[in-house]
A.B. asks: 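Mind looking over this structure? Questions follow.
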Amino acid sequence: GFQLEPKSKEQARRAIAMGIFDDLGGARIRTELKLILASPHRVSALDLLGDLGGRLRYLDAELEYGLPVRSLLRRAERLLEHYPVEETWLVHLGLLIAGLPRQRLEACLERLQLQVDHKQKILSGLRLPDQIGQPDAEPKRSQIYRLFHGQSRESLAIAACMARPGSLTRRLIKLYLEQLGGTTIELTGADLLKLGLAQGPAVGRVLEALLDARLDGKIKTREDELAY
C-alpha cells in the first residue's frame with residue numbers, strides 16, 4: 001500500500017499542526033474527500049490522515065477519527081456490496097460526520113458546499129433511525145413502504161449502517177429493498193374513472209388504499225383489486 005517517507009510524514013504532521021486545513025476552501029476539501037471516499041482504499045487513506053494528526057478536523061474542529069468511525073466505514077463497505085448505490089462517497093461522508101450535533105452537522109455540510117440533493121440524502125439517512133424509533137409492534141408492510149418510499153438508496157444505506165446488525169431498523173430496510181420497494185398495483189387512475197369514480201382527490205386515495213392492501217397481502221390480483 002501507499003506509504004509516506006519519514007521526512008514527508010514529518011512535514012505533513014507539521015503542516016497539519018499549523019492548521020493547513022483551515023486555509024482550504026470547502027469546495028477543495030469536498031473534491032479531495034470525494035476522491036478518498038470513492039476509492040476502495042478509503043479506510044487506509046483516512047488511517048494515514050489520522051496518524052498524521054488530521055483526525056477529521058478538516059470537517060469539524062472537534063470531530064475524531066477512531067475505531068467507531070472506522071467500523072462504520074467497514075460496515076458500509078460490506079453492506080454496499082449487496083445493496084449498491086450510485087454515490088458511494090455520500091454514504092461514507094454521512095458516516096464520518098454522523099456523530100456531530102445537528103447544528104454543527106449542518107454547518108459542516110454547508111462548508112463543503114454540497115449540492116442540495118447530496119446534502120438532503122445525508123441528512124435524511126441520519127434522521128431515519130429516529131423516525132423509525134422503537135415501535136411496540138412490528139409495523140405493517142404498508143407502513144414500512146410509506147416510511148421508506150421516496151428515500152434515496154444512499155439515505156437508506158446510511159440509516160442501515162448506523163443501526164446495529166439484527167436491529168429492527170436493519171430488518172425493515174432490508175425488507176423494503178428486497179421485497180416492498182418495487183410493489184405496484186394493476187389498476188390505474190384511468191381505470192377508476194372508467195368504473196365511474198369521479199375525478200378528484202378520491203382517485204389518489206383509492207389507489208393508495210389498493211397499494212396498501214397489496215403490500216399487506218389482502219389482495220393479489222387485478223380481480224382482487226376490482227373487488228376490494
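Position 1 is the first residue of the sequence, and the numbers go up from there. The figures here come from the full heavy-atom set of this structure, side chains too, leaving out hydrogens, waters and symmetry mates. None of the values given here were measured: they were computed from a predicted structure.
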A.B. asks: Walk me through whether R141 and Q179 qualify under side-chain contact (heavy atoms from CB on, under 4.5 Å).
C.D. replies: CA-CA 10 Å; R141 293 163 71 92; Q179 298 183 34; 3.3 Å; yes
A.B. asks: Run the side-chain hydrogen bond (donor to acceptor under 3.5 Å, both in side chains) test against T88 and tell me which residues pass, sequence neighbours left out.
C.D. replies: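 For T88, no residue satisfies side-chain hydrogen bond (donor to acceptor under 3.5 Å, both in side chains) once neighbours in sequence are set aside.
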A.B. asks: From Y83 OH over to R78 CZ, what is the distance, rounded to the nearest 0.5 angstrom?
C.D. replies: 14.0 Å
A.B. asks: Going from CD1 on I185 to CG on L207, what distance comes out if it is rounded to the nearest 0.5 angstrom?
C.D. replies: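 Going from the CD1 atom of I185 to the CG atom of L207 covers 4.5 Å.
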A.B. asks: Which residues satisfy the side-chain hydrogen bond (donor to acceptor under 3.5 Å, both in side chains) test with T169, sequence neighbours excluded?
C.D. replies: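 T169 satisfies side-chain hydrogen bond (donor to acceptor under 3.5 Å, both in side chains) with no other residue.
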A.B. asks: If you compare all heavy atoms of G125 against all heavy atoms of I158, which two are closest, and at what distance to 0.1 Å?
C.D. replies: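 Result for this residue pair: C-CG2, 3.8 Å.
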A.B. asks: For H149, give me all partners under ring pair (Phe, Tyr, Trp, His ring centres under 6.0 Å), at least two apart in sequence or on another chain.
C.D. replies: Y145
A.B. asks: Could you check if a side-chain atom of P40 sits within less than 4.5 angstrom of a side-chain atom of E77, using non-hydrogen atoms only?
C.D. replies: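 Heavy-atom side-chain distance check fails, nothing below 4.5 Å.
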A.B. asks: Hey, what do you get for NZ (K218) to CG (L210), rounding to the nearest 0.5 Å?
C.D. replies: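 CG of L210 is found 11.5 Å from NZ of K218.
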A.B. asks: Measure the shortest side-chain to side-chain distance between I36 and W89 over non-hydrogen atoms and say whether it is less than 4.5 angstrom.
C.D. replies: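 Answer no - side chains too far apart.
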A.B. asks: Report the distance from atom SG of C108 to atom CG of L112, rounding to the nearest 0.5 Å.
C.D. replies: 4.5 Å
A.B. asks: Run the side-chain contact (heavy atoms from CB on, under 4.5 Å) test against R146 and tell me which residues pass, sequence neighbours left out.
C.D. replies: E208, L211, D212
A.B. asks: Using atom types as modelled, flag every donor-acceptor pair under 3.5 Å from a side chain in residues 187-205 to any protein atom, sequence neighbours excluded.
C.D. replies:
unit_1	atom_1	unit_2	atom_2	d
T188	OG1	A190	N	3.4
T188	OG1	D191	N	3.2
T188	OG1	D191	OD2	3.2
D191	OD2	T188	N	2.9

A.B. asks: Just do the side-chain contact (heavy atoms from CB on, under 4.5 Å) check on E86 and E154 with the steps written out, would you?
C.D. replies: CA-CA 8 Å; E86 185 176 345; E154 287 84 359; 3.8 Å; yes
A.B. asks: List in chain and number order the residues that pass side-chain contact (heavy atoms from CB on, under 4.5 Å) with E32, two or more places apart in sequence or in another chain; answer none if no residue qualifies.
C.D. replies: R28, L35
A.B. asks: Please name all residues satisfying salt bridge (charged side-chain N to carboxylate O under 4.0 Å, His left out) with E87, sequence neighbours left out, ordered by chain then number.
C.D. replies: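 Here no residue qualifies.
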A.B. asks: First locate atom CD of Q151, then atom CG of L128, and finally report the distance between them rounded to the nearest 0.5 Å.
C.D. replies: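 It is 4.5 Å, given to the nearest 0.5 Å.
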A.B. asks: Name the atoms and distances for all side-chain donor-acceptor pairs under 3.5 Å in residues 90-105, with sequence neighbours left out.
C.D. replies:
unit_1	atom_1	unit_2	atom_2	d
H92	NE2	R42	NE	3.4
R102	NE	E106	OE2	3.3
R104	NE	D60	OD2	3.3
R104	NH2	D60	OD1	2.8

A.B. asks: Got a sec, which residues hit salt bridge (charged side-chain N to carboxylate O under 4.0 Å, His left out) with K140, two or more places apart in sequence or on another chain?
C.D. replies: none
A.B. asks: If you compare all heavy atoms of Y228 against all heavy atoms of A213, which two are closest, and at what distance to 0.1 Å?
C.D. replies: CZ-CB, 3.7 Å
A.B. asks: When you compare the side chain of L177 with that of R153, does any pair of heavy atoms fall below 4.5 Å?
C.D. replies: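 Yes. Closest side-chain heavy atoms under 4.5 Å.
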A.B. asks: Show the numbers, then the answer: is there a side-chain contact (heavy atoms from CB on, under 4.5 Å) between R170 and S167?
C.D. replies: CA-CA 5 Å; R170 277 281 194 98; S167 65; 3.6 Å; yes
A.B. asks: Could you work out, with side-chain hydrogen bond (donor to acceptor under 3.5 Å, both in side chains) as the rule, every residue matching R214, not counting sequence neighbours?
C.D. replies: E225
A.B. asks: Taking all non-hydrogen atoms of both residues into account, name the closest pair between A159 and P129 and its distance.
C.D. replies: CB-CD, 4.0 Å
A.B. asks: Taking it one step at a time, do Y65 and L59 satisfy side-chain contact (heavy atoms from CB on, under 4.5 Å)?
C.D. replies: CA-CA 11 Å; Y65 177 74; L59 293 174; over 6 Å; no
A.B. asks: According to salt bridge (charged side-chain N to carboxylate O under 4.0 Å, His left out), who are the partners of K174, at least two apart in sequence or on a separate chain?
C.D. replies: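 Listed in chain order: E178.
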A.B. asks: Which pair of non-hydrogen atoms, one from I219 and one from D224, has the smallest distance, and what is that distance?
C.D. replies: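 Minimum heavy-atom contact is CB-CB, 3.5 Å.
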A.B. asks: Looking only at heavy atoms, what is the nearest atom pair of S155 and K121, with distance?
C.D. replies: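 In terms of heavy atoms, the two residues are closest at OG-O, 2.7 Å.
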A.B. asks: Applying side-chain hydrogen bond (donor to acceptor under 3.5 Å, both in side chains), name anything that partners E138, two or more places apart in sequence or on another chain.
C.D. replies: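 side-chain hydrogen bond (donor to acceptor under 3.5 Å, both in side chains) list for E138, sorted by chain: R171.
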A.B. asks: Rounded to the nearest 0.5 Å, what's the gap from CG on L72 to CZ on R70? Could you check?
C.D. replies: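 The CZ atom of R70 is 12.0 Å from CG of L72, to the nearest 0.5 Å.
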A.B. asks: Kindly give the heavy-atom pair with the smallest separation between L215 and S142, and that separation in Å.
C.D. replies: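 So the minimum-distance heavy-atom pair works out to CD1-CA, 3.8 Å.
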